[in-house]
Amino acid sequence: MTETPETDAARYDFRTIEDRWLPVWEERQPFRSGKEGDSRPTKYVLDMFPYPSGDLHMGHAEAYALGDVIARHWVQKGFNVLHPIGWDSFGLPAENAAIKRGVDPAGWTEDNIAQQLSSMKRYACSFDWDRVLMTHRPDYYHWNQWIFTRLFERGLAYRKPSQVNWCPFDQTVLANEQVVDGRCERCDTLVTKKKLTQWYFKVTDYADELLDDLETLRGAWPDKVLAMQRNWIGRSRGADVEFAIEGRDEPIAIYTTRPDTLHGATFMVVAADSDLAAELAEGADDATRAEFAAYVESVKTASDIDRLATDRPKTGVFLQRYGINPVNGERLPIWASDYVLADYGHGAIMAVPAHDQRDLDFARAMDLPVRVVLDCRDDAGEPLADPAESGVATTGDGVLINSGSLDGLAKAEAIAAITAELDAAGSGHASVNYRLRDWLISRQRYWGTPIPIIHCDACGEVPVPDDQLPVTLPPAEGLDLKPKGQSPLAAATDWVTTTCPRCGGAALRDTDTMDTFVDSSWYFLRYLSVGKTDGPFDVEEAKRWAPVDQYVGGVTHAILHLLYARFFTKALRDMGMIDFGEPFSALLNQGMVLMDGSAMSKSRGNLVRLSEQLDEYGVDAVRLTMAFAGPPEDDIDWADVSPAGSAKFLARAWRLARDVDSAPGTDPATGDVALRAVTHRTLHEAQELIESFRFNVVVARTMELVNATRKAIDSGAGAADPAVREAAEAVAILLSLFAPYCAEDMWSMLGHEDVALATYPAVDESLLVEETVTCIVQVMGKVRDRLEVPPGIGQDELRELALATEGARRAIGDSAIRTVIVKAPRLVNVVTA
RNA sequence: GCCCCCGUAGCCCAACUGGCAGAGGCAGCCGACUUAAAAUCGGCACAGCGCGGGUUCGAACCCCGCCGGGGGCACCA
């Protein structure tokens with residue numbers, strides 16, 4: 001071991017630098033955004049807020065690194081940037097931790113928040129620390145309750161009994177969105193069905209708008225997310241058709257997207273678990289009733305397990321009842337089956353086995369007739385095989401046959417014709433259906449927002465008056481939080497027992513809590529007025545800042561959270577509280593951080609701890625690695641990237657600032673032109689690259705600039721050249737987006753303060769024009785020569801120069817020239833005969 | 001089954017949206033400095049763009065068809 005010749009101060013050491021600047025930033029708070037009299041134009045950059053389960057992990061590190069690049073860039077571009085953070089702090093993990101360790105969920109949550117907050121500060125996130133919110137605090141969920149009440153008043157929050165998704169492990173209901181592959185999103189338990197009366201938000205009222213407004217986000221949101229939202233809403237157009245039922249006064253309505261195939265209906269199917277099926281079975285004989293009852297029982301217990309299996313054989317029960325086809329008076333047997341869903345359309349269908357695969361499968365299983373009413377052809381114009389024989393339904397467009405007045409028509413015409421016919425006859429009409437269901441928000445859990453409703457025997461559901469909000473959670477102490485099918489709040493007798501706000505009589509509080517997605521559906525508005533006590537947010541502040549200009553977060557929320565936030569935004573708009581209908585004008589989805597090809601997990605043994613990476617390579621190197629790894633949407637495999645390489649680069653950049661040997665404020669105009677050109681080209685390009693999220697390329701360009709500057713110092717203009725200072729300052733400013741500590745230290749060595757607030761340097765356009773450009777000379781598309789030409793060269797002049805080149809002449813030889821393509825100043829292509 | 005996205009050096013990734021396949025980095029190799037090493041500085045090599053057709057003067061880029069990988073939805077009538 002020998003002494004290093006350099007002193008500490010002359011050597012890049014991330015630990016020293018982090019220790020130096022963290023307290024300074026803590027003191028200066030450069031990212032406070034609510035200052036009085038700030039006339040800069042506004043930008044709202046939002047990172048999805050974290051759930052406080054443990055410390056920050058690599059995924060957070062990526063998300064916040066990328067969000068920070070955007071926020072910091074807009075600050076340097078002269079915007080008043082709002083970049084807040086908070087915690088999505090209600091939810092099952094806190095409750096489960098509480099059950100497991102016997103601690104208070106509130107304490108557990110607050111501890112984790114404190115730890116994450118401190119990690120965020122170390123990570124140099126450019127958050128405005130004056131605007132922090134936490135959804136588990138009464139001053140936040142107060143306004144969940146207030147908004148709930150407004151939705152209730154408008155009929156957008158309502159209670160209904162229905163078959164709900166039930167997680168037997170967590171002992172709570174789940175939204176459709178929280179059921180993944182038939183399993184509970186949280187605990188992976190198979191989900192079953194249960195009939196319960198629950199609270200819903202009427203998202204379906206906005207189905208059309210939620211779908212149509214996606215158009216306005218095209219280009220600003222990832223196509224993938226738009227497609228997923230479109231899919232989820234699942235609008236389908238078709239017709240409702242009424243079938244008279246023998247022995248029943250009322251007809252049954254069915255929904256179909258193919259009313260043109262009405263003549264091909266050979267039976268009807270109702271959802272086995274629907275009220276309609278039960279009612280129809282009631283009118284059948286004893287044997288049928290018994291068979292039906294047994295079938296329904298088997299469907300209920302096994303449905304979600306079996307639904308996972310594809311190509312499951314069709315099952316069902318003939319109800320011994322008949323419907324009448326309105327177009328031809330035929331008697332159609334009515335079956336009950338689980339392949340028809342109770343909560344889509346009318347829970348009943350007409351079955352056209354020839355032209356619907358599911359109906360055909362059922363028909364073949366039950367030996368029901370198949371009637372072809374479409375003449376379908378393959379690409380060669382040959383008729384397709386008879387579905388009854390082949391087992392393959394012909395679901396294409398085809399031409400109608402065996403269909404009375406529709407014969408000879410194509411699909412679209414036939415649909416129009418039959419819809420008009422049904423309409424005239426009063427037995428049907430065009431109709432629209434959605435895959436989207438209303439949002440079930442009731443949860444039988446403790447750690448959430450109490451639903452602000454009082455149940456009164458005399459008055460029914462009575463909302464808690466605004467002046468009695470918030471309805472705060474009773475202390476967890478003494479309550480058994482273990483899942484038991486009923487909310488733990490029900491056991492808080494003193495809390496539950498109350499009086500009716502309307503009649504003053506004895507009444508009970510609703511004991512369910514809200515889905516935590518309610519919390520995150522409007523939090524972006526609460527940031528604008530975190531301390532406000534007389535409303536959820538200030539309308540004027542919303543006008544000033546919202547909607548969010550740039551939202552950054554994981555694609556895991558592509559459906560749930562974004563759809564709900566969009567719904568809330570539209571509802572709040574209709575209440576007159578905001579004047580826009582879409583919450584997030586632009587969306588960036590970062591990828592995941594993997595290790596060795598798969599998601600990190602302790603059990604898999606491939607967990608990379610953020611804190612350890614930060615200790616080993618420093619905050620800056622980790623952040624830079626996140627940005628440099630590739631396009632932000634791509635997953636990063638931590639095994640493929642090199643935080644050590646990033647650290648090395650940062651040291652190299654840092655040494656530029658150390659080596660600069662000219663005074664601050666030196667006019668760069670007299671500096672080395674070649675280096676200046678590189679600097680200005682980099683600054684010019686970087687802006688566009690950042691604004692199109694190509695951060696990896698920005699870093700690469702910055703590396704080039706560092707290399708060019710190093711070269712200028714060592715073997716060119718020298719450390720005292722003004723261009724070297726200009727370049728080093730540009731490096732510091734660009735690097736501040738990715739590596740704030742290193743950049744701040746460089747900036748300080750260069751004689752300045754607060755690199756985060758430094759103005760993005762003006763690009764000197766004159767330095768961007770190149771003296772000469774290389775023109776490639778092709779013959780028949782192959783490169784044969786090159787020319788150095790002025791960028792403004794004319795087409796004709798360039799053609800002549802190119803034709804005269806040695807390479808071109810040799811390649812052309814004796815051939816006649818047919819055409820010469822000239823794209824001045826970069827290319828000439830000679831086409832020979 | 002349906003719908004999206006992606007295949008460029010050993011690896012991560014660029015390519016002015018149709019014009020010289022290579023910017024940057026990792027790993028590798030060589031050299032300078034060093035007694036030696038680390039650090040640093042300088043240099044080098046490596047793919048013909050998943051495959052096959054088509055359009056074009058010209059295709060990594062556009063079109064068609066395959067192959068491979070990833071993701072979403074999935075009995076929604």
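This one's a predicted model, so the numbers in the text were calculated from it and none came from an experiment. Chain identifiers are assigned alphabetically (A, B, ...) following the order of the sequence lines, protein sequences preceding nucleic acid strands; residue numbering begins at 1 within each chain.
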Output yes when at least one side-chain N/O atom of [X] is less than 4.0 Å from OP1 or OP2 of [N], else no.
X	N	result
A:N231	B:C4	no
A:R710	B:G42	no
A:Y344	B:A77	yes
A:N707	B:G25	yes
A:K823	B:C16	no
A:R694	B:A15	yes
A:R652	B:C41	yes
A:R435	B:A77	no
A:S642	B:C12	no

For this session: For B:G24, measure the glycosidic angle (O4'-C1'-N9-C4 for a purine, O4'-C1'-N1-C2 for a pyrimidine) and name it syn if it falls within 90° of 0, otherwise anti.
Result: anti
Exercise. For the side chain of A:N829 and the base of B:C57, is some donor closer than 3.5 Å to an acceptor across the two?
Worked result: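 Under the 3.5 Å cut-off, the side chain and the base do form a donor-acceptor pair.
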For this session: Establish whether the base of B:G1 is bridged to the side chain of A:Q357 by a donor-acceptor pair shorter than 3.5 Å.
Result: no
For nucleotides [N] and [M], find the distance between their [atom1] atoms and express it as a whole number of Å.
N	M	atom1	result
B:C26	B:A45	C1'	16 Å
B:C5	B:C62	P	11 Å
B:G25	B:U40	P	13 Å
B:C46	B:G65	C1'	33 Å
B:A9	B:G48	P	8 Å
B:A60	B:A77	P	43 Å
B:C73	B:C13	P	24 Å

Select base, sugar-phosphate, or nothing to describe what [X] touches, counting heavy atoms under 4.0 Å on all strands.
X	value
A:R230	nothing
A:T774	base
A:P222	nothing
A:A227	nothing

For this session: Report the C-alpha distance between A:M746 and A:V660 in whole Å, list the side-chain angles of each, state the deciding distance to 0.1 Å, and finish with yes or no for side chain to side chain contact (heavy atoms under 4.5 Å, CB included).
Result: CA-CA 10 Å; A:M746 289 176 70; A:V660 164; over 6 Å; no
Problem set entry | Pairing partner (Watson-Crick or G-U wobble, both distances under 3.5 angstrom) of B:C61 |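 Its partner: none found.
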Problem set entry | Ion pair check, A:R623 and A:D620, cut-off under 4.0 Å |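 No salt bridge links A:R623 with A:D620.
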Exercise. When you measure from the side chain of A:H355 to the backbone N and O of A:V373, does any donor-acceptor pair fall under 3.5 Å?
Worked result: yes
Problem set entry | Flag, side chain of A:Y255 to backbone of A:G238, donor-acceptor distance under 3.5 Å | yes
Exercise. Parallel under 30°, tilted from 30 to 60°, perpendicular over 60°: which one fits the rings of A:Y339 and A:F362?
Worked result: tilted
